[in-house]
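Take a look at the structure set out below.
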Amino acid sequence: QVQLVEYGGGSVQAGGSLRLSCAVRGIYGSYLMAWFRQAPGKEREGVAVMYTGGDTTYYSNSVKGRFTISRDNAKNTLSLQMNSLKPEDTALYYCAARGDGRNPPISLWLRASSFTEWGQGTQVTVSS
C-alpha cells in the first residue's frame, strides 16, 4: 500500500525559509515525485518535480531559484527547501508520486493528472 506523509509546514514571515518533507512508503525503484500546492479558490499548482532515476528536476517559474527539491534515499523521503518565501506562496502543499512506473513527458510534469498518489497536505502560511 502506497503512503505519502508530509510534515514541516508552518507559519513564517516574508523572506523566511521553511523545509517540507514527505515520507514515502510502498513505492520502490525509480519514479516521478513532486510537490504541488493549492491556495483557497485556486487550482492545484505543480511547483517542483524530481525523477528519482537520475535526479532530474523541474520547477515552476514562480519558485525557480527559491525552492529546491531533493531526496534522501536512506530515509526514502522527499524534501522541499523553500527560501525567500513570499505571501503568495501561502497554500496547502502536497507531496505526489507516480506509482505505476509510467512517466509522462517532461512537458506534463507539473500537471496534477501526471501523478497517481497523494499525501494529505501540509499548510504553509507566509505573512507580510
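Values reported hereafter were calculated over all heavy atoms of this structure, with side chains retained and with hydrogens, waters and symmetry mates removed.
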side-chain contact (heavy atoms from CB on, under 4.5 Å) evaluation trace for Gln81 with Ser70: CA-CA 8 Å; Gln81 179 65 42; Ser70 62; over 6 Å; no
Determine whether the side chains of Glu45 and Ser62 contain a donor N or O and an acceptor N or O closer than 3.5 Å. yes
Can you tell if the side chain of [X] reaches within under 4.5 Å of the side chain of [Y], non-hydrogen atoms only?
X	Y	answer
Ser79	Arg19	yes
Ile69	Trp35	yes
Leu80	Thr68	no
Val63	Arg37	yes
Glu88	Ser128	no
Gln38	Tyr93	no
Asn83	Leu85	no
Val24	Met33	yes

Aromatic rings Trp109 and Tyr58: how do their planes relate, parallel, tilted or perpendicular, breaks at 30° and 60°? perpendicular
For the residue pair Tyr94 and Trp118, categorise the inter-ring angle as parallel (less than 30°), tilted (30 to 60°) or perpendicular (more than 60°). perpendicular
Once disulfide bond (SG atoms under 2.5 Å apart) is applied, what residue pairs with a partner in residues 81-128 remain, sequence neighbours excluded? Cys22-Cys95
Answer with yes or no after comparing the ring centroid distance for Tyr31 and Tyr51 against a 6.0 Å cut-off, counting only values under it. no
Give a yes or no answer on whether the side chain of [X] reaches the backbone of [Y] with a donor-acceptor pair at less than 3.5 Å.
X	Y	value
Thr122	Gly9	yes
Arg44	Phe36	no
Arg25	Val2	no
Asp89	Lys86	yes

Show me the pairs that pass salt bridge (Lys or Arg N to Asp or Glu O under 4.0 Å) and involve residues 99-121, at least two apart or across chains. Arg98-Asp100
Distance (rounded to the nearest 0.5 Å) between [X] [atom1] and [Y] [atom2]:
X	Y	atom1	atom2	result
Gln120	Gln3	CD	CD	8.5 Å
Thr52	Leu32	OG1	CG	8.0 Å
Ser127	Gln13	OG	CD	5.0 Å

Are [X] and [Y] connected, step by step, through hydrophobic side chains (Ile, Leu, Val, Met, Phe, Trp, Tyr) whose heavy atoms are closer than 4.5 Å?
X	Y	result
Leu110	Leu4	no
Met82	Met50	yes
Phe115	Phe67	no
Val49	Leu78	no

Indicate the atoms forming the closest heavy-atom contact of Ser84 with Ser17, along with that distance. N-OG, 4.4 Å
Closest non-hydrogen atoms of Ile27 and Ala97, given as atom of the first, atom of the second and distance, are CD1-CB, 3.6 Å
